[in-house]
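Model, not experiment: these values are computed from the prediction. Throughout, protein chains are lettered first and strands after them, A, B, ... in sequence-line order, and every chain is numbered starting at 1.
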Amino acid sequence: MYDKKIDEKWQKIWAEKNCFHAVNNSDKEKFYALIEFPYPSGAGLHVGHARAFMGMEVLCRKKRMEGKNVLFPIGFDAFGLPTENYAIKTGIHPRIVTDRNIAKFTEQLKSIGFSFDWDRVIDTTDPNYYKWTQWIFLKLFENGLAYKDKTYVNYCPQCRVILANEESQGGVCDRCDSQIVQKEKEVWMLKITDYADKLLEGLDEVNFPPRVRLEQENWIGRSYGAEIDFSLANKEDKLTVFTTRPDTLFGVTYMAIAPEHPLLEKYKDEIKNYDEILAYRNEAAKKSEFERVELSKNKTGVKVDGLEIVNPVNGKHVPLWVTDYVMMGYGTGAIMAVPAHDTRDFEFAKKFNIDMIQVVANSNGEEVSLEKEAYTDIEDGVIINSDFINGLSVKDAKAKMIDYLVQNNIGKQKKNYHMKDWAFARQRYWGEPVPIVKCEHCGLVPLKESDLPLTLPEVEDFVPGEDGESPLAKVESWVNTTCPKCGKPAKRETDTMPQWAGSSWYFLRYMDPNNNDAIASKEALNYWKNVDCYNGGMEHVTRHLIYSRFWHRFLYDIGVVPTKEPYQKRSTQGLILGPDGNKMSKSKGNVVNPDDIVKEYGADTLRTYILFIGDYGMAAPWSENGVKGAKKFLDRVMRIESLVTDEDCDSKELDKELNSVIKKVSQDYEDMKYNTAIAAMMSYVNVLYKQEKVSKKYVKPLLQILNPVAPHVTEELWQKLNIGGYIFESKWPEYDESKIVSDVIEIPVQINGTVRYRINVPSDSDEKEIEKVALETPALQNYMNGKEVKKVIVIKSKIVNIVIG
RNA sequence: GCGGGUAUGGUGGAAUUGGCAGACACGUCGGUCUUAGAAGCCGAUGCCGUGAGGCGUGAAGGUUCAAGUCCUUUUACCCGCACCA
């Protein structure tokens, strides 16, 4: 019987032998597998972590037996709000809480038997680690990619913190679910938009699942179009808009700008209804993101009384409107409105009785009804009412119009992105300090590299200020410093970096975790290159996965790392749901604690069950009975011992079964189809149980292929059977294809598509021979009696279908 | 609104290019062992039907000798984005 003592015995031996340690100087081929390092929360390890890590765990144990030098590291992404909030509540220093939680996680991970390289553990809150996070920030600053800007940012009033776009998706705070508001604030930003094209192109050279790729593409949201300058009537000034439809320029009947557009402020003296506009802006600012979307069907706006806009292609004057369906944050904050061919402009024009001019017609040239909706379905449309582009297809008209704009100096071709720059500042204590000093004379001055790390000072309390100031601002002895450039008194930046900073490059630090001179040595970077397989959750696709690809590509551009992309292959695991089929949550009381399973059934039971639960990429509900089934299987494996004999009892059938299961399991592991791999091993064990006695040669490879899933059980049995050495040192078994094919094969025979009988034929029979055997089979004569055989379809070694009528 | 995904027995889930639907496991039932029970081992188990046979992969059509798989229409649920100009 398998029990926990076996776990403890082998975990001790593995630790003593340090057998999962990766070496940096090796002639062996490298294999670098990465799992998203956990945030060490007080709740401890979750079964979801176990599933996420097990995928890579199995691959790594297999690759080691295949002779690869495997890097499978673990660390802790330990800066973050929950620890800080706990500190605020209890007064316990985040350092203490973090250390406590990391110790707990470490113990839990070891009890499951993960084959991590425990010599390479990293902790993002360790000054020796964040020294290099700060170093990368300085490099970004040096290259103009980190800048300070007064802008509208997402602010969570509950957490009193600024959030990046990626952290406030749907207008809701990632952490606490409260509504975020727009707040004007001067903050650090990273120019990720400069890397938008590189991030898109990089997707071509990596192997990401289609939905991961698609989500990133949508998030970056590149669109092609034109920027067009409209002039203000009787003014020197111009109003620039972005459009993806320059071909509809003759269809413009009004212009619209966002309530925050600077043009309004600039011409407030000439705008007769400025008060009305101001009131509208205040109303719009009060609406939450949610309300804006909810109310989107009912368009609102105010006509600007006193300004008119001139269409640059025909000189026509059109009115200017202010409306909150135009966003300051996208494009130029202004649009040319073509109600005939845009749903939103259409709704707006209908409501405010604005003209529409149709400029795209059906392919047959007919105009369409604009009674109920805009005509946007223009795949094969033809341009009308548009002077020099009349008669052209939409595609040709776009090109010709852009040429015209460029020639007449009134516009240009333009790419636009949905992605915005990364708000890179938190007003909190438990984060990396930004290594910048504010000097009255020199401006923003970076610290010298030799002054890193800039460590966190001790503070009296961790509560952020009322208006979202960092707690660091209260530590005067730390804030007051001297300018690294001119030596005069200066102040430190008191914002800290966001939680995503440390995780944006951690995969590099694993390569050389204790290096004091660089993020990692050149030798280590050149040997390990990048991650071969990276497994993690879908929730990080538009956050961590984008951020870290950005930083890595930047480090490549400045010559620090040897590859463009950090991860060659990405995989994702599905959620483990509670036994009730709902997402596990404390409030629902359906959380399964991995410790309980390990304690009661052993680590290998947890491992086996988690992999057998279903397709690795799909969600699956937890089942206590399923856990028992996994335990039963492992006990059955242990009891094979009683069948083993030294006598020679080989058989062709067993040879076939053995070679087949080695082949299937080896391939399934590579494809991350762990559930079917385990099913195949269960079937093989069932076959062994049908034998009176089994010679060792049928058991040894089974233990090896099962080892990545159940390392404790298989090492134990390996030792009991006196095979010699340890499994983890043994070589992955090979299979003999010739033993898998048999001389005679069984082929099902269908009559009109329904299987009626199975015939046995030599495996090398051709179609004619198979057809002959099938038609002469006595058991099938009843079906064919008196009927005409219309057709016989023979698919070699697959199936026969006799069509009668 | 747009984009993506999922749907298979009582349950979790299997099914290369269209080629035996339900592998494997859970559960249930039966046998064996036992004073008895538990565990173990062996067997049965999609549905209807005594049977022959018929029906079966969310629903409705279609293509095909053959459809879970391809095409059209549609329903439910899940995920992502969301006035993207």
Report task. Find the distance A:Met618:CE to B:G13:P and express it as a whole number of Å. Result -> 8 Å
Query raised in the report: Do the charged groups of A:Asp342 and A:Arg245 touch, with an N to O distance under 4.0 Å?
Result: no
Query raised in the report: Could you give the CD-to-P distance, from A:Glu215 to B:C84, as a whole number of Å?
Result: 19 Å
**Report entry** Distance in angstrom units between A:Leu706 CG and B:C24 P, rounded
**Finding:** 17 Å
Report task. Pick base, sugar-phosphate or nothing for A:Lys790, based on heavy-atom distances below 4.0 Å to the nucleic acid. Result -> nothing
Query raised in the report: Which whole-number value in Å describes the distance from A:Ile610 CD1 to B:C26 P?
Result: 18 Å
Query raised in the report: So, A:Glu215 and A:Arg543, do they make that salt bridge, N to O below 4.0 Å?
Result: no
All N/O donor-acceptor pairs, side-chain side in residues 626-638 of chain A, below 3.5 Å, sequence neighbours left out:
{"from": "A:Lys631", "atom 1": "NZ", "to": "A:Tyr2", "atom 2": "O", "distance (Å)": "3.4"}
{"from": "A:Lys631", "atom 1": "NZ", "to": "A:Asp635", "atom 2": "OD1", "distance (Å)": "3.4"}
{"from": "A:Lys631", "atom 1": "NZ", "to": "A:Asp635", "atom 2": "OD2", "distance (Å)": "2.9"}
{"from": "A:Asp635", "atom 1": "OD1", "to": "A:Tyr2", "atom 2": "N", "distance (Å)": "3.0"}
{"from": "A:Arg636", "atom 1": "NH2", "to": "A:Asn686", "atom 2": "OD1", "distance (Å)": "2.8"}

Query raised in the report: When all nucleic acid strands are considered with a 4.0 Å heavy-atom cut-off, which category describes A:Ala619: base, sugar-phosphate, or nothing?
Result: sugar-phosphate
Report task. Could you please name the partner base of B:C84, counting Watson-Crick and G-U wobble pairs only when both distances are under 3.5 Å? Result -> none
Requested in this report: Tell me what A:Tyr417 touches on the nucleic acid: a base, only sugar-phosphate, or nothing, going by heavy atoms under 4.0 Å.
Outcome: nothing
Report task. Classify the nucleic acid contact of A:Arg756 as base, sugar-phosphate or nothing, counting any heavy atom under 4.0 Å across all strands shown. Result -> sugar-phosphate
Requested in this report: Give a yes/no answer on whether the side chain of A:Lys673 brings an N or O atom under 4.0 Å of OP1 or OP2 in B:U16.
Outcome: no
Report task. For B:U28, give its Watson-Crick or G-U wobble partner with both distances under 3.5 Å, or none. Result -> B:A44
Report task. Just call it for A:Asp345: base, sugar-phosphate, or nothing, with non-hydrogen atoms closer than 4.0 Å on any strand. Result -> nothing
Query - Rounded P spacing from B:G1 to B:A14 in Å - result: 32 Å
Report task. Describe the nucleic acid contact of A:Thr676 in one word from base, sugar-phosphate, nothing, applying a heavy-atom distance below 4.0 Å. Result -> sugar-phosphate
Report task. Give a yes or no on whether the backbone of A:Gly55 and the side-chain of A:Tyr674 come within a donor-acceptor separation of less than 3.5 Å. Result -> yes
